[in-house]
Visitor: 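Here it is: the structure, laid out below.
Atoms within a ligand are numbered from 1 in the order they appear, just like the ligands themselves.
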Amino acid sequence: MPVHLVEHPLVHDALAILRDASTPPEIFRRMAVRISLLLAAEATRDLPAGNVTVETPLGPASGRRVDGDVVVVPVLRAGLGMLDAVLELIPSARVGHIGLQRDEMTAIASKYYSKLPSSLGGSIVLMIDPMLATGGSAVAALDMLRDAGAHEVRMICIVSAPDGIALVEQHHPDVHIYTPVIDRGLNDHKFIVPGLGDFGDRLYGTH
Ligand code: PRP
Ligand code: URA
């Protein structure tokens, strides 16, 4: 499975701030937006674009405008912290939502919400979820996207673990994953180590 490790120094600068346990929610949210912009730019490098001519104040200039259909799908809740960044880059994108919640004891994800746009077959689908830990949530979300007709799915996450990468590879070998880092592993509670803690809780100030 293609895993794209994003090396940009600004990505890793934001990641270090996100990891820091002393980072307050307001800075955490800003860094989530910043890193998501950079990761989304990487994941959309080959977006289809058509030639255009525009009039500058000094005359015609040829250029390119993005013209493919893009669908962004945040996995709730934590994925919502990445959505505005992706929409800033691709304002015309359609948006689907998938709600999944990991059980605190078993770490098994269960679905509580799904609303996806129609006709996903010809779209580039960007699934955004900051944490890829056991991979259970990712595989459940990717199954739902496939069942809804999506063919071309890319996943953007901020921290990933070897287990999650392996599970996605096993179930969805054609999905490209864009991530800055593959951390050491998981602890007894299936949290990524060293990771950054509970992304949703840090984003929203819950625990
Ligand atoms: C987190 C995260 C992923 C999932 C990753 O969500 O946003 O969706 O855990 O873990 P996994 O790879 O082991 O499935 P969580 O279920 O904690 O919900 P939240 O976003 O509402 O906090
Ligand atoms: N979800 C999180 O928010 N963090 C982890 O480390 C694992 C799952």
Visitor: I'd like the name of whichever of G81, S137, G135 reaches closest to atom 12 (O) of ligand 1 through any heavy atom.
Guide: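 Nearest option to atom 12 (O) of ligand 1, by heavy atoms: G135.
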Visitor: When rounded to the nearest 0.5 angstrom, what is the spacing between NE2 in H12 and CD1 in I35?
Guide: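 Between atom NE2 of H12 and atom CD1 of I35 there are 7.5 Å.
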Visitor: Indicate yes or no: does an N/O atom of T134 lie under 3.5 Å from an N/O atom of ligand 1?
Guide: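 Yes, there is a polar N/O contact under 3.5 Å.
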Visitor: Go through the steps to decide whether D143 and H172 satisfy the test side chain to side chain donor-acceptor pair (under 3.5 Å), and finish with yes or no.
Guide: CA-CA 8 Å; D143 287 347; H172 293 278; 2.8 Å; yes
Visitor: Purely on distance, is any nitrogen or oxygen of A78 under 3.5 Å from one on ligand 1?
Guide: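 N/O-N/O distance under 3.5 Å: yes.
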Visitor: Would R146 and V153 count as a side-chain contact (heavy atoms from CB on, under 4.5 Å) if you check the C-alpha gap in whole Å, the side-chain angles of each, and the deciding distance to 0.1 Å?
Guide: CA-CA 9 Å; R146 281 289 135 84; V153 184; 3.6 Å; yes
Visitor: Decide whether the shortest distance between a heavy atom of A138 and an atom of ligand 1 is less than 4.0 Å.
Guide: no
Visitor: Heavy atoms of the protein only: does one fall short of 4.0 Å from atom 14 (O) of ligand 1?
Guide: yes
Visitor: Can you confirm if the NZ or CZ of R77 lies within 45° of the ring axis of F199 and under 6.0 Å from the centre of its six-membered ring?
Guide: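 The answer is no; the distance or angle limit is not met.
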Visitor: Compare all side-chain heavy atoms of L87 with those of V95 and state whether any distance is below 4.5 angstrom.
Guide: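 They are in side-chain contact.
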Visitor: For M131, counting its heavy atoms only, list the atoms of ligand 2 lying under 4.0 Å from any of them.
Guide: 1 (N), 2 (C), 3 (O), 4 (N), 5 (C), 6 (O)
Visitor: Might you work through the salt bridge (Lys or Arg N to Asp or Glu O under 4.0 Å) test for R154 and E152, ending with a clear yes or no?
Guide: CA-CA 7 Å; R154 304 170 186 191; E152 162 94 49; 3.1 Å; yes
Visitor: Could you check whether any heavy atom of K190 sits closer than 4.0 Å to an atom of ligand 1, since that is the contact criterion I want to use?
Guide: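 No, that is not the case, since the closest heavy atom of the residue is not under 4.0 Å from the ligand.
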Visitor: Which one of A133, G195, G197 has a non-hydrogen atom at the shortest distance from atom 4 (N) of ligand 2?
Guide: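 Result: the heavy atom closest to atom 4 (N) of ligand 2 is in G197.
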Visitor: Are any of the N/O atoms on A133, whether in the backbone or the side chain, positioned under 3.5 angstrom from an N/O atom of ligand 1?
Guide: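 Right, the criterion is met.
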Visitor: Can you list the steps and then say if S160 with T179 is a side chain to side chain donor-acceptor pair (under 3.5 Å)?
Guide: CA-CA 7 Å; S160 53; T179 182; 3.3 Å; yes
Visitor: Please walk me through it: do D198 and M131 pass side-chain contact (heavy atoms from CB on, under 4.5 Å)?
Guide: CA-CA 9 Å; D198 188 306; M131 307 303 279; over 6 Å; no
Visitor: Students should be able to answer this: which protein heavy-atom is nearest to atom 5 (C) of ligand 2, and at what distance?
Guide: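 Nearest neighbour among protein heavy atoms for atom 5 (C) of ligand 2, to 0.1 Å: F191 CD2, 3.4 Å.
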Visitor: If you count the non-hydrogen atoms of other residues, nucleotides and ligands that lie under 6.0 Å from CD in E26, is the total more than 12?
Guide: yes
Visitor: Between Y112 and ligand 1, does any nitrogen or oxygen pair lie at a separation below 3.5 Å?
Guide: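 For ligand 1, there is no N or O atom that lies under 3.5 Å from one belonging to Y112.
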Visitor: Please state which protein non-hydrogen atom is closest to atom 3 (O) of ligand 2 and give its distance, to 0.1 Å?
Guide: F199 N, 2.8 Å
Visitor: Got the closest protein heavy atom to atom 6 (O) of ligand 2, with its distance?
Guide: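 Protein heavy atom with the smallest distance to atom 6 (O) of ligand 2: I192 N, 2.8 Å.
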